[in-house]
Amino acid sequence: MKTSALTSGGAKTIVARAPKRNDDRVILHFDYDCFYASVLENANPGLKGQPLGVKQKSILATCNYAARAHGVKKLMPIAEAHKICPGLVVLSGEDLTPFRDASKRLWSFLRSHSWSDRAERLGLDEVFLDVTDVIAYNQELLNRNALQDSFFQLSRHDPEKGFSFDATQFFGCIQPSVDPKDLTLLLDNPLCVRLLLASHLAGYLRLKLEEDFGYTSSGGISTNKTLAKLAGSVNKPQNQTTLLTLRDDYVQDFMDGHKLRQIPGIGSRIAQLIEDHVLSISTTPDSRDLEIGTKVTVREVRQYPSMSPDLLERILDRPGSERGSGEKVWNFLHGVDASEVKEASDVPTQISIEDTYMARPLNTPNELMRELRAIATSLVRRMRVDLAVADDPDHSSPASQQDGQPQLRWIAYPRTLRLSTFIRPKPNSTIPENLGRRSRSQPLPSFVLNLKDTSIEAVAERLASEALLPLFRRLHSERQGWNLALINVCVANMVMVARSSETGNGGGAGGARDIGRMFRTQEDKLREWTVYDPTPIAPVLDSTSSSACVTDTNDDVMDIEEVNKEKGVEAVEVVEELIETSDPVAISLDSDADAWEEEDEDESQRCHLCGHIIPIFAILAHERFHSVDD
DNA sequence: TTGGACGAG
DNA sequence: ATTTCTCGTCCAA
């Protein structure tokens, strides 16, 4: 990297130049206070104020502040917690459903306040928000002659929407602390004004989280994700901190005070390697302590002789390590982080279910199948919750659902199924490290995507016996006695599914449209991915049955006509997937199928394998299902 | 595409 | 009775 020669007292030292920070953005970070415990308290208000612990298996995943006052800690064994806090109430937190639901609601609310829709969840209890454009808008509106009586506009279109605030001071804490009388001077600095506005937005949002949803939180305000998150940790709980990035030494002093391991993005592995180097510890095979990366500060690493991105790269260089990680760490040490807050998405990139069995490892085929079934059931349920929506087409036949259950349709589906296991380290092995963690994957069998007349249990049973068990045998050839300590089943490699109907309301920028991306439907977002509306061909058939998605080799989605033009191929050759028709029985039981036959015989053709009428464009994909399904 | 390492809560 | 249950990214083969 770039270096510059400095002369100090005659001796020349080569010093790596500090990277340049970009303060163009405004980033908020929210961290809900002891989230799991708060969810359970809200579900059962009688618990409020009492010491509460949340249990997973044999340990406390977390606890509220009343419990912490008694010395209870996260990840503490239950028995120990009861000893030091006899009145401790312990509830199970093994089912994550209520935590996921609450997390999603809070995230949806926060998300509606980023006009660029950049709202990223980190775990269930943290959210990054990019509010750059909201802040810029309000900066222009600010009346310098009446700062005390300012109004923050949350909407471009509805001037009523917003809140009053005093723009002569920050909301919450600031870092570093500044003389109040200097503040008027600082207000001439546009960056300072933006951070001040952001502190009030964060304060308002935290207040709403508490009043409207019942969750207190900690907040961090700065110009990138790393700084916002670290700032938020300065004053917790129930408070917020704005890190003033007005001068480079403000930022550097702030970073320098942290231990290496505290920097998000520097994990135990990286911290260990750097620490060993800085402390000149020869790599003795047994020098690992429990606390890793907590001995050395950012300042000490930074000031280590001839420290530079290149040196860091060499320190971290090992097979499989990320290229450019030297520069990345170097940037972190200086509070530089260009990573963007990712655009909000309703579709997860993967869903996994796992269970651990350390008390009693699995060893017999019976135990194994029981667990595979249980995990498969949870997984199929999660898929239907997170990847499917109720199919209520505005213009379709209103009397379509007689039974209570709304018909579901996929908004995305996974292509890959993966099974991972962990073998418990044997009683005595010198380095009981990994190598116990292994996984195998395969294409997801298409029957899992059948939403019609198929109970979760039935699908899960098939999934366990026809897919997971074979995968398991690929991992472990032994018939039994595996000493299994963990099973993880994951679906990944998501494919967005095209929408079938309701492509309307293109232009109208109504006022209601604004605040809400809150009310932005999943369909709205998926429109970007939608390439083909099959309604004209199969107007009667349930929309899921005829959804298709076209993808070119660059994964860019295009209109089918354009694909034809560009590539000179027939439509049938670029139809990538057709879901839901995998089960011929389901089709034949569908009375609508008759309508299809009558109306579309011209453009359809009989499948020579199952004898059903399939629209011409879908024949290829349909035939693929016959091969996949067997 | 697959399997693993690593980092986050 | 140290190892919960996830989710995401990146790399090499």
Side-chain angles (χ1 to χ4, degrees), chain A residues 29-32 34-36 53-62 73-83 92-97 99-100 103 120-128 225-226 229 232-233 261-273 290 292-293 316-325 328-329 332 339 342 345 347-361 375 378-379 382 386 415-425 432-444 471 474-475 485-494:
Chain A
H29 178 260
F30 299 87
D31 185 336
Y32 317 132
C34 46
F35 182 57
Y36 282 18
V54 183
K55 160 182 83 105
Q56 278 172 342
K57 289 287 176 359
S58 62
I59 59 159
L60 287 186
T62 187
K73 296 269 178 49
K74 291 179 176 187
L75 304 183
M76 182 179 270
I78 304 265
E80 191 180 339
H82 269 126
K83 258 175 213 159
S92 168
E94 276 150 38
D95 179 5
L96 301 183
T97 308
F99 311 129
R100 262 196 299 266
S103 174
E120 183 180 347
R121 273 198 293 176
L122 188 53
L124 294 181
D125 68 337
E126 294 182 33
V127 173
F128 288 104
K225 292 209 291 181
T226 297
K229 177 166 166 131
S233 305
R261 189 52 222 281
Q262 296 182 273
I263 311 305
I266 299 184
S268 53
R269 220 72 188 217
I270 290 175
Q272 176 73 273
L273 290 169
L290 286 175
I292 279 164
L316 302 177
D317 183 34
R318 47 166 47 197
S321 68
E322 200 175 329
R323 86 190 137 82
S325 59
K328 207 155 100 184
V329 169
F332 281 147
S339 68
K342 283 192 282 296
S345 166
V347 177
T349 60
Q350 60 167 264
I351 298 173
S352 69
I353 305 289
E354 74 182 35
D355 207 346
T356 52
Y357 318 94
M358 8 215 190
R360 208 172 68 78
I375 289 172
S378 301
L379 185 67
R382 276 288 302 287
D386 290 351
R415 263 192 291 230
T416 306
L417 174 73
R418 173 183 308 217
L419 173 74
S420 310
T421 58
F422 183 81
I423 304 296
R424 193 158 45 157
E433 311 298 321
N434 27 34
L435 270 74
R437 271 179 185 293
R438 305 197 306 141
S439 72
R440 292 292 179 267
S441 55
Q442 63 160 62
L444 182 76
L471 280 173
R474 281 214 269 150
L475 279 165
L486 170 140
I487 297 178
N488 179 112
V489 179
C490 172
V491 288
N493 209 349
M494 301 297 180

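Residue numbers start from 1 in every chain, and the chains themselves are labelled A, B, ... in the order their sequence lines are given, proteins ahead of strands.
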N or O in side chain of R415(A) less than 4.0 angstrom from dT2(B) OP1/OP2: no
Among dG3(B), dG7(B), dT6(C), the one nearest R100(A) by side-chain distance: dT6(C)
Criterion side chain to side chain contact (heavy atoms under 4.5 Å, CB included) on K225(A) and E120(A), from CA distance to verdict: CA-CA 10 Å; K225(A) 292 209 291 181; E120(A) 183 180 347; 2.9 Å; yes
Sugar-phosphate only, base, or nothing, as touched by I270(A) at under 4.0 Å among non-hydrogen atoms: sugar-phosphate
Residue met sooner reading DNA chain C from 5', once E354(A) and Q350(A) are mapped to nucleotides: E354(A)
Any S58(A) side-chain nitrogen or oxygen under 4.0 Å from OP1 or OP2 of dT3(C): no
Residue list, side-chain contact (heavy atoms from CB on, under 4.5 Å) with Q56(A), at least two apart or on another chain: Y36(A), A61(A), E94(A), L96(A)
Rounded distance in Å - NE2 (H82(A)) to P (dA1(C)): 18 Å
Nearest-angstrom distance from the residue atom CZ of R438(A) to P of dG3(B): 10 Å
R437(A) side chain near dG4(B) phosphate (N/O to OP1/OP2, under 4.0 Å): no
Listed nucleotide nearest any side-chain atom of S439(A), set dG9(B), dG8(C), dG3(B): dG3(B)
Phosphate OP1/OP2 of dG3(B): any S441(A) side-chain N/O under 4.0 Å: yes
Heavy-atom check, side chain of F35(A) versus side chain of T62(A), under 4.5 Å: no
Test applied, side chain to side chain contact (heavy atoms under 4.5 Å, CB included); reference residue, N493(A); option that passes from T349(A), T416(A), L417(A), L444(A): T416(A)
N/O (side chain, K57(A)) to phosphate O (OP1/OP2, dT2(C)) under 4.0 Å: no
Residue R440(A), side-chain atoms from C-beta onward, closest of dG4(B), dG9(B), dT9(C): dG4(B)
I263(A) CD1 - dG7(B) P separation (whole Å): 14 Å
Touch class at under 4.0 angstrom, heavy-atom based, for I353(A) against every strand present: sugar-phosphate
Sugar-phosphate, base or nothing in reach of I266(A), heavy atoms under 4.0 Å: sugar-phosphate
Under 4.0 angstrom between T349(A) side-chain N/O and dG8(C) OP1 or OP2: yes
Integer-rounded Å distance: dC5(C) C1' and L96(A) CG: 6 Å
Sugar-phosphate, base or nothing in reach of G265(A), heavy atoms under 4.0 Å: sugar-phosphate
N/O donor-acceptor pair under 3.5 Å between R261(A) side chain and I266(A) backbone: yes
Position toward the 5' end of DNA chain C (nearest nucleotide), E94(A) or K342(A): E94(A)
Any donor-acceptor pair under 3.5 Å from R474(A) side chain to S441(A) backbone: yes
Q56(A) CD - dA1(C) P separation (whole Å): 19 Å
Donor-acceptor under 3.5 Å (R438(A) side chain, L475(A) main chain): yes
Atom-to-atom span, CD of Q262(A) to P of dG9(B) - whole angstrom: 12 Å
Whole-Å gap separating P (dG8(C)) and CZ (F128(A)): 15 Å
Nearest-Å distance for atom pair CZ/C1', residues R418(A) and dA5(B): 12 Å
Dot-bracket summary - DNA chain C, pairs being Watson-Crick or G-U whose distances fall under 3.5 Å, with | when paired to another strand: .....||||||||
Derivation of the side chain to side chain contact (heavy atoms under 4.5 Å, CB included) call for V127(A) and Y32(A): CA-CA 9 Å; V127(A) 173; Y32(A) 317 132; 3.4 Å; yes
K229(A) side chain near dG9(B) phosphate (N/O to OP1/OP2, under 4.0 Å): yes
I263(A) CD1 to K229(A) NZ distance, which is reported to the nearest 0.5 Å: 11.0 Å
R269(A) side chain near dC10(C) phosphate (N/O to OP1/OP2, under 4.0 Å): no
Sugar-phosphate, base or nothing in reach of I351(A), heavy atoms under 4.0 Å: sugar-phosphate
